[in-house]
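Single-structure report; data block below.
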Amino acid sequence: MTRFRRTSGVLVGVLALLTAASACGGGSNQSSNNGSTSGPVTLTWWHNANTDPGLSFWQTVATNFHKSHPNITIDVVPMQNEQFNTKIPVALQSSNPPDVYQQWGGGQLATQVAAGKVLDITSDVKPWIGDLGSAVGNWQVNGKQYGIPYNLGVVGFWYNKDLFTKAGITSPPATWDDLLADVAKLKAAGIVPISIGGQDRWPDAFYWDYLAVRMCSKSVMTQAAKTYNLSDQCWVQAGQKVQQLLDAKPFQPGFLATPAQQGAGSSAGLIGNGRAAMELQGQWDVGVMNGLTADQKGIGASLGWFPFPSVDGGKGVQTAALGGGDGYSCSWKAPRQACAEFLQYLVSADVQKQWTALNVGLPTNSSATSSVSDPNLKSLIGVRNKVPYVQLYLDIAFSTSVGQALDDATANQFAGTANPQQVVKAITDAAANQ
Amino acid sequence: MRLVGSADPRREHLGAGSAADHADRTAIARRRRIRNGIETGLFVSPALALYLLFVVGPLIYAAYFSLYHWSGLGAAIDFVGLHNYVLAFQDDLFRASILHNFTIAALSIVFQLPLGLGAALLLNRRFPGRAALRLVFFAPYVLSEAIVAIIWLLMLQPDGLVDHFFRAVGLGGLIHLWLADLHIVLYTMFVVITWKYIGFGIILFLAGLQGIPGEVLEAASIDGANELQAIRHVTIPLLGPTIRIWGFLSIIGSFQLFDLIWLTTLGGPSGASSTMATYLIDHGFRRYQFGYGSAASVILFMISLVIAVLYQGILLRRDTEGAVTRMVA
């Protein structure tokens with residue numbers, strides 16, 4: 001579910017090559033073309049819910065699907081999230097890719113599509129894709145549908161209400177200046193204002209992304225994801241706002257080496273254990289931080305959520321959100337009709353309702369949104385459905401090489417080795433060389 | 001091989017004789033050579049096949065892909081010549097990574113050699129609890145890199161075990177942000193690397209010490225050498241081959257340093273602890289620049305190769321001449 005959990009991609013990177021190479025030998029995908037499902041077929045399904053509740057849930061889904069579609073067998077392969085980034089390109093390049101696999105959309109999807117590795121399922125999904133709302137746009141390339149989202153969330157501040165009260169803050173900050181003022185108040189009260197997983201780099205980029213959404217008009221944002229033209233002054237201004245925050249020194253000591261999601265000392269763990277007041281993170285953070293506390297409950301009812309503040313003078317949409325989600329694509333080798341039927345089942349109202357009840361994310365199927373029970377996720381879904389637009393995380397919206405360069409460049413600014421101009425230049429250079 | 005070579009002892013008894021006999025012998029010699037060759041080939045082929053498949057093959061592939069601008073998906077068709085190499089050498093981070101590798105290699109020799117040698121000399125003496133102490137030194141080497149990285153990551157957190165230790169012994173003033181300070185993180189990692197690999201050096205040195213005959217040391221002491229003199233003039237020179245091999249492994253290990261760094265810092269913050277290996281994995285698998293990553297890997301390979309050849313040629317020459325070459329002849 002969690003989009004990011006890639007820190008220990010280590011050996012995985014190297015192992016992925018070997019695994020993928022050996023996977024070429026043991027095939028599971030007998031059906032070879034995209035015709036109708038006349039004979040029995042097996043779909044190999046790579047998903048990233050390798051722990052419960054997701055693990056057993058997706059297994060049940062696969063079993064139930066086979067019951068109603070006896071001709072289609074699902075071979076479920078749960079995988080650790082970090083492995084996807086390394087395994088997917090190698091697997092898609094092989095002669096035996098998975099049929100259905102985790103897909104985050106955006107520039108990464110576009111890269112895969114350009115190489116001819118993803119099935120165009122536009123016509124198959126036409127009858128039912130309307131149920132999923134505008135979210136499906138991030139899984140399109142040139143107006144064609146190449147994937148289906150089942151989980152879509154927005155990034156915002158998770159905060160500890162008790163610590164805010166202790167510092168004398170009565171309501172969450174609504175503007176950037178409020179946020180800076182609250183940081184000062186929290187510091188004065190001896191509380192770490194903001195925790196951040198600087199080691200992983202992408203949490204740094206959330207700030208830069210969000211400030212770009214605030215400073216840049218929607219049209220500038222939209223064309224940037226296509227042309228990588230960052231000549232508008234608003235991109236540098238976003239970095240200057242980041243610098244403003246950095247100069248206030250709001251983060252925990254040693255934040256440059258703090259992982260985002262591993263251990264009680266991670267940025268999520270600091271919030272979950274009441275050792276920091278807020279963190280800018282995605283919808284998955286509740287699950288992560290609770291899992292990092294002794295009783296698995298985190299700070300319970302003290303946990304609150306507020307949207308990224310507006311910035312005075314910004315040309316962007318001040319209520320827009322940064323977000324993204326999880327989806328699935330069919331690989332070039334998958335039997336198209338069977339694969340599309342399976343995707344339809346995955347995001348059907350029934351399955352989405354059951355999945356929503358797990359409280360691990362926000363469903364895309366509109367008829368399942370009412371099944372959200374966790375109060376924080378409930379408020380999030382309200383925000384998600386109200387915002388004028390959701391900008392896909394820029395490191396996902398951009399092609400992989402440019403997106404990762406963005407993460408690195410913002411991380412350098414956080415480490416004090418790059419200024420706002422250099423961040424923009426690093427991204428533009430990466431785009432020129434991609 | 002030896003057995004095959006000295007086969008057919010019956011012929012030896014016949015001695016030199018007629019021309020027919022001579023022809024017979026050359027025929028046998030030829031057959032023997034052929035048979036020898038076939039057998040050698042048969043014995044070597046499994047290892048050779050694996051070597052070709054998993055070492056030479058990927059190497060050639062990497063060299064090939066390094067000439068392309070390639071995202072890892074689809075066919076590599078965008079030929080760019082040596083452009084990836086040019087880019088790599090222009091990149092400040094890559095140059096810094098090379099420097100980090102050389103720094104770690106130099107620090108290893110300067111600090112780990114005396115440390116490992118001293119520990120080996122101590123552990124070579126007889127005293128109660130020696131076996132247990134040897135185990136203590138060697139244990140980190142047996143732990144997997146992943147476990148070591150996690151242990152140290154936790155201990156090095158601000159206000160973690162390391163900081164507590166410093167405070168407990170009254171050195172609280174020396175506490176730094178071990179992993180978050182750009183100027184310190186590489187040296188922090190060097191300490192972790194030393195902790196992890198020193199056991200291997202000690203074991204090598206201990207094995208070398210076992211090979212030093214007691215008579216030599218005895219002779220030295222009879223000649224009036226004290227213990228330090230014996231170590232300086234007898235033990236260390238005789239340990240030379242072991243030390244040189246250790247140095248070789250240590251340098252090559254420093255250049256290929258990856259897992260500990262990746263798991264502890266991801267090469268960060270801001271590239272302050274990145275090595276050539278973390279750099280190439282980062283660009284290959286994280287940025288999907290497989291062509292560029294391949295170029296970086298070829299550069300890493302070339303640097304390692306040059307150092308290995310130079311080291312072999314200059315420092316290990318005496319050792320290898322005595323051992324390997326003689327055996328083949």
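Below, read A as the first sequence line, B as the second, and so on, with proteins coming before strands; counting in each chain starts at 1. No hydrogens, no waters, no symmetry mates; every other heavy atom, side chains included, goes into these values.
Using a 4.0 Å cut-off between a side-chain N of Lys or Arg and a carboxylate O of Asp or Glu, A:Asp408 and B:Arg286 qualify as a salt bridge.
At most 12 non-hydrogen atoms from other residues, nucleotides or ligands lie less than 6.0 angstrom from CZ of B:Phe111. Atom CG of A:Asp247 has more than 12 heavy atoms from other residues, nucleotides or ligands within 6.0 Å.
Residue B:Thr265 comes nearest to A:Gln199 through the heavy atom pair CA-NE2, 3.4 Å, listed as atom of the first residue, atom of the second, then distance. Considering all non-hydrogen atoms of both residues, B:Pro158 and A:Gly254 come closest at CG-CA, 4.2 Å. Across all their heavy atoms, A:Phe84 and B:Tyr288 have their closest contact at O-OH, 4.4 Å.
Contacts between residues 168-196 of chain B and chain A, counted as heavy-atom pairs separated by less than 4.5 Å, involve B:Leu177, B:Leu179, B:Ala180, B:Leu182.
In this model, a donor atom of one side chain and an acceptor atom of the other lie less than 3.5 Å apart for A:Thr417 and B:Ser270.
Heavy atoms closer than 4.5 Å to chain B are found in both the backbone and the side chain of A:Gln112. Residue contact with chain B, scored on non-hydrogen atoms closer than 4.5 Å, is absent for A:Ala409. Interface residue B:Thr264: only backbone heavy atoms are found under 4.5 Å from chain A. Proximity to chain A is absent for every atom of B:Leu93, based on heavy atoms less than 4.5 angstrom apart.
In this structure, CG in B:Leu73 is found 6.0 Å from CG in A:Leu92, a value given to the nearest 0.5 Å.
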Open item on the list: Test side chain to side chain contact (heavy atoms under 4.5 Å, CB included) on B:Phe285 and A:Val90; report intermediate values, then the result.
Closed with: CA-CA 10 Å; B:Phe285 280 99; A:Val90 184; 4.2 Å; yes
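Between the side chain of B:His283 and the backbone N or O of A:Ser401, no donor-acceptor pair lies under 3.5 Å.
The side-chain heavy atoms of A:Arg201 and B:Leu266, taken from C-beta on, include a pair separated by under 4.5 Å.
Between chain B and the options A:Asn433, A:Ile88, A:Val402, the largest number of non-hydrogen pairs under 4.5 Å is found for A:Asn433.
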